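Below: the structure, in structure tokens.
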Amino acid sequence: GTVFKADLGGHLLGIDEATGQTKWTFYPVGQDSFIGTPAFSGGVLYQGSNKGVFYAVDAATGALKIKYPFSEPNASFESSPLVAGGAVFAGVSNLNEDSKGCVTSDQFLAFSPQSATILSSLTLTPPRSSGAAVWASPMIDPQGYAFLATGNTCIGPPLKVADAILKIGPATMKLNWDQQGPPDGHDLDYDDTPLSVNGMVVGGDRDGPRPPLIPPTAALRWPTTPTT
């Protein structure tokens, strides 16, 4: 078998499971790096880079199959993609939030697994605003809905969809509901993948666990009190 590994040094590796020897190495375009783990499906690896480039790579040889035509100056892919329902889903995060290098559009993307095509996208930020980045991998529940965890607003008035868990119809990219964490003056950032547990959606932000949500309405199931 083969173990696949991406690293901050800018390597996507295929490693022999039995010997630990590198079978092949894929390098991204330019001075770039990888943070998330690649997704494997049908003999292909799907991986986004730190500088916002998304690739499909042959898992047997490491050869580039597709470089997708996505261009957002402040975009970064820091989580792992998810292959489901005939699409490759990926959340888009901020390239450099400290210098206001935050995404202004296309925070959630669906790529074609077979061609250099962006099937659909979801923009969470209105004009002249930025942020609401997706730092963690999306989750798709048994009913086929996608759930995203978002970070803070960067530029513009605070967004209702920032620092929140969102329920989305992935086929239509329609936002069904959003539920923010209780404001407490901190940088809340939901930056873990939401979990589907017994009909509820469970997530946590940087202040700790948050109340589970009931998916049809986003009602809080029971309260939690973060501890430090």
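Just so it is clear, the model here is predicted, and its values are computed rather than measured.
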Quiz prompt | Proximity of H11 and Y27 rings by center, below 6.0 Å | solution =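 Yes, the ring of H11 comes within the 6.0 Å limit of the ring of Y27, centre to centre.
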Quiz item: What orientation do F111 and F70 show, parallel under 30°, tilted 30 to 60°, or perpendicular over 60°?
Solution: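 Aromatic pair F111/F70 classed perpendicular.
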Quiz item: So Y55 and F26, would you call those rings parallel, tilted or perpendicular, with 30° and 60° as cut-offs?
Solution: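 Answer is perpendicular, since the angle exceeds 60°.
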Practice problem: Could you please spell out the steps behind the side-chain hydrogen bond (donor to acceptor under 3.5 Å, both in side chains) verdict for Q107 and T123? | Solution: CA-CA 6 Å; Q107 282 86 353; T123 292; 4.7 Å; no
Output the distance between atom [atom1] ([X]) and atom [atom2] ([Y]), rounded to the nearest 0.5 Å.
{"X": "T153", "Y": "L159", "atom1": "OG1", "atom2": "CG", "value": "3.5 Å"}
{"X": "N50", "Y": "L95", "atom1": "CG", "atom2": "CG", "value": "6.0 Å"}
{"X": "Y190", "Y": "Q179", "atom1": "OH", "atom2": "CD", "value": "7.0 Å"}
{"X": "M173", "Y": "F108", "atom1": "CE", "atom2": "CZ", "value": "4.5 Å"}
{"X": "I15", "Y": "Q21", "atom1": "CD1", "atom2": "CD", "value": "10.0 Å"}
{"X": "L82", "Y": "S137", "atom1": "CG", "atom2": "OG", "value": "7.5 Å"}

Quiz item: Between L124 and L166, does a side chain to side chain contact (heavy atoms under 4.5 Å, CB included) hold up when you go through it step by step?
Solution: CA-CA 10 Å; L124 298 173; L166 315 180; 3.7 Å; yes
Is a side-chain N or O of [X] found less than 3.5 angstrom from the main chain of [Y], in a donor-acceptor match?
{"X": "S112", "Y": "Q114", "value": "yes"}
{"X": "Q180", "Y": "A162", "value": "yes"}
{"X": "T193", "Y": "A136", "value": "no"}
{"X": "D163", "Y": "D189", "value": "yes"}
{"X": "D58", "Y": "T61", "value": "yes"}
{"X": "W24", "Y": "A63", "value": "no"}

Are the side chains of [X] and [Y] in touch, meaning some heavy atoms are under 4.5 Å apart?
{"X": "D106", "Y": "L122", "value": "no"}
{"X": "F54", "Y": "S49", "value": "no"}
{"X": "K51", "Y": "Q31", "value": "yes"}
{"X": "V29", "Y": "V53", "value": "no"}
{"X": "F89", "Y": "V83", "value": "no"}
{"X": "S76", "Y": "N94", "value": "no"}

Between [X] and [Y], which heavy-atom pair has the shortest distance, and what is it?
{"X": "P126", "Y": "S129", "result": "O-OG, 2.6 Å"}
{"X": "T104", "Y": "S130", "result": "CG2-CB, 3.9 Å"}
{"X": "S115", "Y": "Y68", "result": "O-CE2, 3.1 Å"}
{"X": "E97", "Y": "C154", "result": "CG-SG, 3.9 Å"}
{"X": "W135", "Y": "S93", "result": "CE3-CB, 3.4 Å"}
{"X": "G36", "Y": "A6", "result": "O-CB, 3.7 Å"}

Quiz item: Should we count NZ of K65 as having more than 12 external heavy atoms under 6.0 Å?
Solution: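 Atom NZ in K65 is not crowded, with 12 or fewer foreign heavy atoms closer than 6.0 Å.
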Practice problem: Taking atom OH of Y145 as the centre, report whether more than 12 heavy atoms of other residues, nucleotides or ligands fall under 6.0 Å from it. | Solution: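 No, the 6.0 Å shell around OH holds no more than 12 heavy atoms from other groups.
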Quiz prompt | Check against side chain to side chain contact (heavy atoms under 4.5 Å, CB included), V201 and L195 | solution = CA-CA 5 Å; V201 176; L195 301 178; over 6 Å; no
Self-check item: side-chain hydrogen bond (donor to acceptor under 3.5 Å, both in side chains) between D141 and S196, worked out
Solution: CA-CA 6 Å; D141 74 357; S196 177; 5.4 Å; no
Exercise. Assess whether side chain to side chain contact (heavy atoms under 4.5 Å, CB included) is satisfied between F147 and I140, documenting all intermediate values.
Key: CA-CA 6 Å; F147 291 84; I140 294 183; over 6 Å; no
Quiz prompt | Residue among V92, V103, T150, L109 satisfying side-chain contact (heavy atoms from CB on, under 4.5 Å) with V134 | solution =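 That would be T150; it is the only one of V92, V103, T150, L109 passing the side-chain contact (heavy atoms from CB on, under 4.5 Å) with V134.
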Single-linkage hydrophobic cluster [X]~[Y], side-chain heavy atoms < 4.5 angstrom:
{"X": "L13", "Y": "L64", "result": "no"}
{"X": "I165", "Y": "V161", "result": "no"}
{"X": "V57", "Y": "I66", "result": "no"}

Practice problem: In sequence, state the C-alpha distance, the side-chain angles, and the governing distance for Y46 and F77, and then conclude on ring-ring contact (aromatic ring centres under 6.0 Å, His included). | Solution: CA-CA 11 Å; Y46 300 96; F77 293 101; over 10 Å; no
